[in-house]
Amino acid sequence: MSARHASVLAILILAVFLAACSSDGAGETADAAGAADAGSRFDGGQADGGTGTGDAGADAGASDAGAVEDSGADAGEDAGADAGRPTAWIQVDTATVAKKLDPLVNGSGIEIENNAQGLGAEMLLDRGFEWDRPWLQSKGWETWYFFKDDGVEADVEWVTDRVFQGTHSFKFSLTQMQTDKSAGIAQGGLGVVKDREYVFSFWGQHDGHESQWAAVALMDLGVEPPELLADPQIMQIDPAVNKWVWYSAELTPERSTAEAAVAFLVPYPSFMWIDSFSFSPKDARHGIWPELISAFKEAKVAAVRLGGISADGYDWAMGLGPRDKRGVSRSAFADTFLDVDKVVRYMPYYHDVGTDEFLDFCKEIGAEALITANFPLGSQAAANWVEYTNRPSPGLQSGIDEGWKPDSYRSADKAPAGYFAWLREFHGHKDPWRVKYWEVGNELWDEELPEPGSLKGSQNLSNYAVKAREFAVAMKAVDPAIQVGACTSQLPVPGSWDYRSGWNKKVLEIAGDSIDFLAPHFYAPGDFDYDAEAAGAPETTYLKIAGTAPFYAQELAKVQKDIDDWKAGAGGKDVKIAVTEYNVWHGVLEYISAFDNNRLRSVIANAAFRNVNARGPVWMGNFYSLVNHPFGMLDWQADSKAGGKPLLGGNYLLQKFVADHFAPNVHATSVQSPTYTAALWTLPELEAEVLDAVAATNAAGDTMIIIVVNRAYWLPEGIDTEIDLGGFSGASAKAYVLTGASHEVYNSIAAPGEIHLEEETVPINGSKLDYTFRHFSVTAVEVRK
């Protein structure tokens, strides 16, 4: 293609976009493709909606903060605060080590669906044209927009008769013999960074008699009129009949924008099918955003759990092999908050991040992997997954000599020994991954459980326990070195599932000799009736959240007692506790956003939960979740549009804060401070200390770290505290304070430092020191000999 032709094409693309973005022109193209909102300018508007929710909550909270502050102050006075500044005492027992803390307590988790919540660097939605478009449009959403030059007709459609993967492809039928005319398909809402290289690719099939060209352009829709961000790239299309061919081009934007759109154009005449589009940064590592690898490595995430709500609908074999050939699937298991029909019919997901990408990510950030096996798929599929990740391959040629092919056996098939390990090598990973930790299903304590091999049927507790044992035995037969966990009952919170006291006992009775840990989940305050009115009362919610940490500790003690009783009665082996999901719960998904879970009040609550995990019977703790979720510690969907730098959300800062101040030798610590009464809906009220503390020393024994959470937002003067280190004599002390101006603040693109870290030197006198813990704070007091 000549330079002159490329120049003409650039002008043509600009004209096309000007027409498509105008109300009249867009209306015509919307009719041609069935689009619901012609004036959307390739933007679904979802990001702004989330921001609005967060801001609305903040504004609503500010309007009645005074009344709650008064009630909180009364609570503090009723709890015994003097007329002056409140006083507290912390006593550390350094004579003995109460617990050896495993670094795995500082873990997190990720869902496998939806491109692993955006962990994967694919930037396009519905890149294979699989989503149900009428349903999306009924919700006011759109992914792809068809456009064409004025005055021409075009036959374009989502078709099923010729596809590269999945069930649909996109077909252009542009048969009018008109020169210098074109049509195309575009997707907007993309954030690109100046001078960063991006790769656009697709699979195409052209049934013409001679080659033709196609082009890809990157546009900036954030300016008026829209402009090109990079020179359009021309690709020669192979005319081979009935043959799918892969094409790619590189684009480098000349400036950053959150309003980019990528457009694919074909000329008249044209007759071709396209499928499996992709647009991602060239520097992606193992298909993962490099920014996220760096962020989570810096935060020292010690373990990452794969699979939550999506675990029991995920067929792991779908995520293997070349990314564009993995196909598309529909979630087969839905949480009670979601409409199953919507999940199954309308929102299929691509397997861009599979087992190998996930394990590459864990290796990159230095984290152990915890994989949740699909319960309905059965124990054979779980055992095959263990073989894929952990067993040595018999050798690539050996498998070929046996006649093995990548599709010889499915994930749940009984295959010859070594086949799935060979499959891993076939897909480019000769060495085993050695995944140590596995879990049998996710949150299966409900009375209606999926029967393995089916999504229907009632399953009682005894059957889950039997199946959990079956899973563990089958998986350990493949690799005896792994550790396998079973679901426990949900730890009770108001409005949540009832605590089934018999669950743990039955699982231990039947499967205890085969499993290695129980996996409870905890969300607080767990009010499923949370609504818009509750969103306007953040202080009330804060008090309930803060009060759940001591309740959480009580319930963990009950789980440990179940284990201890079983061990005493059956002479059983040690079974640990891994809280594989915990976080603050702000109600049904309709009313929450990433802002709520990263407000300082939520950070303070999660800090208290982390303290409970540190001093309690918890071996592994997985904060839910890493990224791009109402519960995520980073909102990369927004950050990547704002310049490509991760915004350090409150819970991300907390993760890094705790990991930076990790010490393994936990000492018994007693606290006396002002208290308050925590009203927990239907549960008995709890009298809670406003200070929560855990103390530990490092392996060398020359540093003590005390992490203190001050939950008393109503005491703005802070709490004067005398700290007795129990004979640990320090030469110097510093305080590292994670804080903000209000418990309602959160970090945003506009104000990234609302929650921030401060440091100060603390005077010390041998083994004693005085310190004032300010309100809205999580503090690490570090004492060095």
Side-chain angles (χ1 to χ4, degrees), residues 10 13-14 16-18 20-21 40-52 54 115 117-125 127 143-145 186-201 215-233 248-265 277-285 287-296 298 594-595 627-628 632 634-649 652 746-754:
I13 292 171
L14 180 57
V16 168
F17 269 83
L18 283 171
C21 292
S40 63
R41 297 187 58 197
F42 315 130
D43 184 358
Q46 298 173 59
D48 290 341
T51 303
N115 201 18
Q117 295 175 212
L119 188 69
E122 178 56 61
M123 298 172 66
L124 296 179
L125 295 175
R127 65 190 194 86
T143 54
W144 292 106
Y145 293 81
Q187 185 173 140
L190 307 175
V192 296
V193 177
K194 179 183 178 182
D195 295 334
R196 188 174 195 172
E197 295 179 314
Y198 296 85
V199 177
F200 173 86
S201 66
V216 59
L218 191 61
M219 304 293 297
D220 185 355
L221 304 185
V223 297
E224 195 62 51
E227 298 176 355
L228 285 167
L229 282 167
D231 291 336
Q233 299 298 302
S248 70
E250 295 184 8
L251 297 161
T252 304
E254 62 184 23
R255 61 177 177 273
S256 300
T257 179
E259 300 275 351
V262 63
F264 173 79
L265 298 95
F277 273 23
S278 178
F279 184 71
S280 63
K282 188 177 180 179
D283 60 350
R285 284 148 59 184
I288 306 295
W289 284 99
E291 291 89 343
L292 296 182
I293 291 174
S294 298
F296 293 123
E298 187 175 349
F595 296 104
V627 64
N628 289 350
L634 289 179
D635 184 9
W636 183 242
Q637 287 173 330
D639 303 347
S640 61
K641 290 186 177 185
K645 184 177 180 181
L647 172 70
L648 304 185
Y652 174 89
Y746 58 86
N747 289 348
S748 64
I749 299 297
E754 290 293 306

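Just so we're clear, the structure is a prediction, and the values are computed from it rather than from any experiment.
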Least distance between heavy atoms, [X] atom then [Y] atom:
X: E227; Y: R255; result: OE1-NH2, 2.8 Å
X: A121; Y: P281; result: O-CD, 3.5 Å
X: K194; Y: S256; result: N-OG, 2.8 Å
X: G191; Y: M123; result: O-CE, 3.2 Å
X: Q233; Y: E250; result: CG-O, 3.3 Å
X: E259; Y: G222; result: CB-N, 3.4 Å

Main chain of [Y], side chain of [X]: is a donor-acceptor contact present, judged purely on distance under 3.5 Å?
X: W289; Y: A284; value: no
X: Q187; Y: L125; value: yes
X: Y652; Y: P646; value: no
X: T252; Y: E197; value: no

**OP:** Would you please name every residue forming a side chain to side chain contact (heavy atoms under 4.5 Å, CB included) with P752, sequence neighbours left out?
**Re:**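 Partners of P752 under the side chain to side chain contact (heavy atoms under 4.5 Å, CB included) test: L647.
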
Using 0.5 Å steps for rounding, measure from the [atom1] atom of [X] to the [atom2] atom of [Y].
X: L634; Y: N747; atom1: CG; atom2: CG; answer: 10.5 Å
X: L292; Y: R285; atom1: CG; atom2: CZ; answer: 10.5 Å
X: Y198; Y: K282; atom1: OH; atom2: NZ; answer: 13.5 Å
X: F264; Y: W144; atom1: CZ; atom2: CH2; answer: 10.0 Å
X: L190; Y: L124; atom1: CG; atom2: CG; answer: 6.0 Å
X: I288; Y: N115; atom1: CD1; atom2: CG; answer: 7.5 Å

Subject >> Criterion side-chain contact (heavy atoms from CB on, under 4.5 Å) against F279, the qualifying member of V262, V199, V216 >> reply: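 Result for side-chain contact (heavy atoms from CB on, under 4.5 Å) with F279: V262.
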
Original post:
In chain order, what residues pass the ring pair (Phe, Tyr, Trp, His ring centres under 6.0 Å) check against F200, with sequence neighbours excluded?
Top reply: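 Testing F200 for ring pair (Phe, Tyr, Trp, His ring centres under 6.0 Å), a comparison that skips the adjacent residues, returns F277.
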
Subject >> Test side chain to side chain donor-acceptor pair (under 3.5 Å) applied to E754 - qualifying residues, sequence neighbours left out >> reply: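 With neighbours one apart ignored, the set is empty.
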
